[in-house]
J.: 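Quick one: the structure is below, and I'll ask about it shortly.
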Amino acid sequence: MEKSKLVKSLLVISGIIGIIIGGSLLFIPVSFQASAGIDLRGNVSLLSEMRASGGAILVVSVLVLLGVFIAKLTFASVVLTCLFYLSYGVSRIFSIIIDGMPSESLIIATIVEMVIGLLSLLVLVNFREKQNKPVLK
């Protein structure tokens, strides 16, 4: 996969966002979730769930960011970005339909996740189209 400025920018932005969110969920989940109006204090089981997902987000995001620097990881990093951000965005939309509107910060998160996910999907579609075009007729 060609590392255009768009691909590099997409991976840097999505990787850094994921590292910040994953790190926050893993290391400071109470204060991080409080910023969205979620109270985790005293709920050890929910803290465990938050920290576990934070660790997973952190690891995926490091792999995404490595795709900027390691050519062999670029395609996989774009695929991970697409799957990761679209799964979060679509799941949040599903939750809005089923559960109702969350806090404003979570609505913004949904929009950001969908934008990054859809941009990465466009990168993948563009890559696939370039792969299917014959070089010579």
J.: Could you report the tightest heavy-atom contact between Leu10 and Leu119, atom names first, then the distance?
T.: CD1-CB, 4.0 Å

J.: Applying a strict under-4.5 Å side-chain criterion to I, L, V, M, F, W and Y, I'd like to know whether Tyr88 and Leu118 cluster together.
T.: no

J.: What's the shortest heavy-atom distance between Ser35 and Ser105, and which atoms?
T.: O-OG, 4.0 Å

J.: Please say which of Val123, Leu65, Val78, Ile16 ends up in a side chain to side chain contact (heavy atoms under 4.5 Å, CB included) with Leu11.
T.: Val78

J.: Can you name the nearest heavy-atom pair linking Gly18 to Ser61, along with the distance?
T.: CA-OG, 3.0 Å

J.: Is there a path of hydrophobic side-chain contacts, each under 4.5 Å between heavy atoms of I, L, V, M, F, W or Y residues, that connects Leu121 with Phe127?
T.: no

J.: Return the CZ to CG distance between Arg92 and Leu106, rounded to the nearest 0.5 Å.
T.: 5.5 Å

J.: Ignoring hydrogens and geometry, is there a side-chain-to-backbone donor-acceptor pair from Thr110 to Gly89 under 3.5 Å?
T.: no

J.: Check residues 45-59 and write down every donor-acceptor pair under 3.5 Å in which the side-chain atom is one partner and the other belongs to a residue at least two apart or another chain.
T.:
unit_1, atom_1, unit_2, atom_2, d
Arg51, NH1, Leu26, O, 2.6
Ser53, OG, Glu49, O, 3.3
Ser53, OG, Met50, O, 3.0

J.: Is there a chain of hydrophobic side chains (I, L, V, M, F, W, Y, each step under 4.5 Å between heavy atoms) that links Ile38 to Met101?
T.: yes

J.: If every non-hydrogen atom of Ser24 is compared with every non-hydrogen atom of Phe32, which pair is closest and at what distance?
T.: CB-CD1, 3.4 Å

J.: Look up atom CG in Leu25 and atom CG in Leu40, then write down how far apart they are to the nearest 0.5 Å.
T.: 9.0 Å

J.: Within the 4.5 Å heavy-atom criterion, are Glu113 and Leu86 side-chain neighbours or not?
T.: no

J.: Tell me the closest heavy-atom pair linking Val90 and Met114, and the distance in Å.
T.: N-SD, 3.7 Å

J.: Mind checking whether Phe75 and Val68 sit in one hydrophobic cluster, side chains of I, L, V, M, F, W, Y counted as touching below 4.5 Å?
T.: yes

J.: To the closest 0.5 Å, what do you measure between CD1 (Ile13) and CD1 (Ile116)?
T.: 7.0 Å

J.: Using 0.5 Å steps for rounding, measure from the OG atom of Ser77 to the NZ atom of Lys8.
T.: 13.5 Å

J.: If you look at every heavy atom in Ser120 and Gly117, which pair is closest and at what distance?
T.: OG-O, 2.8 Å

J.: Between Val112 and Ile93, is there shared hydrophobic-cluster membership here, with clusters defined by ILVMFWY side-chain heavy atoms closer than 4.5 Å?
T.: no

